[in-house]
Amino acid sequence: MSKFRTIWTTEDKYVEVIDQRKLPHEFVTIKLETYKDAEVAIKDMTVRGAPLIGATAAYGIYLAVREMLENQLDGSFLDQAFSDLRASRPTAVNLFWALDKMREALDNADDFLATAWKAAGDIVEEDVETCRMIGVHGLPLIEEIASRKQGDIVNILTHCNAGMLGCVEWGTITSPIYQAIQKGIKVHVWVDETRPRNQGSNLTAYELTRHNVPHTLIVDNAGGHLMQHGMVDMVIVGTDRTTRQGDVANKIGTYLKALAAYDNKIPFYVALPSTTLDMTINNGLTEIPIEERNQDEVRYMIGKGKNGNIEPVLICPETTPASNYGFDVTPARLVSKIITERGVCDASEEGLLSLFPEYK
Ligand code: MRU
């Protein structure tokens with residue numbers, strides 16, 4: 001596993017991230033110097049994926065504290081930063097978790113800047129360790145299939161990007177995969193392209209390539225066919241918010257993969273850091289806000305043209321409207337198990353409480 005990260009601090013104590021909108025064609029980094037830079041990076045998907053959104057928001061608060069102190073602004077500036085960052089994306093609950101953590105730290109602080117710096121850094125480090133542990137607990141699920149197949153290739157299907165690019169390091173779904181590869185288990189990943197933003201083809205395929213993980217890109221609708229023909233041993237997806245009863249919000253299209261997996265008796269796993277749990281709500285279908293994004297993300301595809309430029313291409317008539325729901329909810333009954341940093345559990349209140357009794 002490379003020591004590569006998706007967010008880091010610079011010598012002059014600002015923050016840098018990868019411009020994920022340009023991957024896989026260009027590796028460009030962006031320096032965040034104000035909280036507005038962090039807010040825009042989250043909104044326009046320069047950074048994306050639930051844990052990374054949380055980490056970026058945390059550093060956004062650090063930057064707001066710095067701006068406040070350097071420009072001798074009053075506390076209303078910081079309050080505005082909290083509310084702007086809170087409104088940057090609606091579905092991934094890690095965003096709100098990270099902001100609450102920053103608020104809590106600052107509420108008890110003497111030295112605001114040092115406290116914000118440390119609290120944001122802690123959130124980043126916590127994600128690294130959490131994702132590593134998700135791998136430790138997810139690995140036996142892959143090992144079991146590998147041994148059942150007598151060492152033959154384990155075929156894993158995934159949707160969206162819940163790899164390291166959606167987190168800080170390791171990733172959630174990729175952590176068990178990287179750890180399986182390290183143990184010499186033969187793994188092959190079916191990568192859903194994940195329209196409309198193509199996180200699968202742009203990001204998952206990119207990071208699997210960087211880590212030498214055998215993979216094949218498929219269109220979003222191919223999964224059911226592959227499952228019917230015994231070409232998928234397990235599905236692992238990430239999540240942006242999971243409720244107390246184990247309902248799972250993830251990138252649009254996840255639900256259809258879960259239905260196909262259920263119909264074909266293929267295990268459907270959800271890998272999550274506990275920062276993605278929202279134990280204040282039960283019913284994912286009615287209680288999780290689903291982001292609706294700009295329709296042009298559906299109407300246009302962005303890619304590298306033959307001239308080498310990255311450009312949008314219109315794929316429908318000029319006047320055809322589109323709808324763009326960013327996420328869907330997979331009901332707990334379709335989830336085989338949830339993989340967390342503390343272990344593997346059923347997708348149910350009992351299951352989650354067995355690992356996280358502090359939520360009783
Ligand atoms: O819209 P995005 O790219 O932020 O959505 C990301 C996902 O749906 C991921 O699968 C999810 O955040 C899990 S993160 C490891």
Side-chain angles (χ1 to χ4, degrees), residues 5-7 17-21 23 41-57 88-98 126-128 130-132 134-135 138 157-178 189 191-207 220 235-242 248-258 268-278 284 288-294 297-298 302 324-330 335 338-341:
R5 286 192 174 184
T6 56
I7 186 165
V17 294
I18 303 162
D19 185 349
Q20 300 198 13
R21 297 166 307 171
L23 290 174
I42 294 170
K43 274 188 169 158
D44 71 9
M45 292 174 88
T46 300
V47 295
R48 32 71 51 213
L52 182 56
I53 290 170
T56 307
S88 55
R89 288 194 74 189
T91 304
V93 81
N94 307 56
L95 172 66
F96 313 115
W97 171 86
E126 185 179 327
D127 185 68
V128 174
T130 296
C131 285
R132 191 185 69 78
I134 288 172
L157 184 140
T158 190
H159 191 68
C160 194
N161 177 276
M164 62 169 294
L165 288 164
C167 306
V168 176
E169 212 185 279
W170 288 104
T172 60
I173 65 110
T174 44
S175 184
I177 293 172
Y178 293 143
V189 183
V191 177
D192 277 0
E193 61 180 347
T194 317
R195 278 281 284 145
R197 290 296 292 247
N198 291 318
Q199 288 92 334
S201 52
N202 293 343
L203 305 179
T204 308
Y206 172 82
E207 70 168 272
D220 289 335
V235 180
I236 319 183
V237 297
T239 171
D240 294 80
R241 195 185 295 218
T242 290
V248 170
N250 193 49
K251 182 54 56 194
I252 194 81
T254 302
Y255 169 53
L256 294 179
K257 298 300 165 301
F268 182 92
Y269 297 117
V270 177
L272 63 86
S274 57
T275 50
T276 311
L277 291 174
D278 185 349
I288 297 179
I290 299 295
E291 177 177 29
E292 285 187 65
R293 296 185 58 87
N294 192 307
E297 291 184 349
V298 179
I302 297 177
N324 188 7
Y325 293 96
F327 300 90
D328 60 24
V329 173
T330 299
V335 177
I338 288 177
I339 310 168
T340 78
E341 72 270 24

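For this chain, numbers begin at 1 and follow the sequence in order. Just so you know, ligand 1 is whichever comes first in the structure, and atom 1 is the first atom listed for that ligand.
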Practice task
Evaluate side chain to side chain contact (heavy atoms under 4.5 Å, CB included) for Arg48 paired with Cys160, printing each intermediate quantity in order.
Solution key: CA-CA 11 Å; Arg48 32 71 51 213; Cys160 194; 3.8 Å; yes
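Checking Tyr178 against Glu207 by side-chain atom types alone, a donor-acceptor pair falls below 3.5 Å.
When each of Thr194, Val191, Asn198 is checked for a side chain to side chain contact (heavy atoms under 4.5 Å, CB included) with Thr204, only Val191 meets the rule.
Nearest approach of Met164 to Thr6, heavy atoms of both residues: O-CG2, 3.1 Å.
Interatomic distance, Asp240 CG to Lys251 NZ, rounded to the nearest 0.5 Å: 6.5 Å.
Protein residues with a heavy atom under 4.0 Å from ligand 1 are Met45, Arg48, Gly49, Ala50, Pro51, Arg89, Cys160, Asn161, Ala162, Cys167, Thr172, Gln199, Gly238, Thr239, Asp240, Asn250, Lys251, Phe327.
Every residue two or more places apart in sequence or in another chain was checked for a side-chain hydrogen bond (donor to acceptor under 3.5 Å, both in side chains) with Arg195, and none qualifies.
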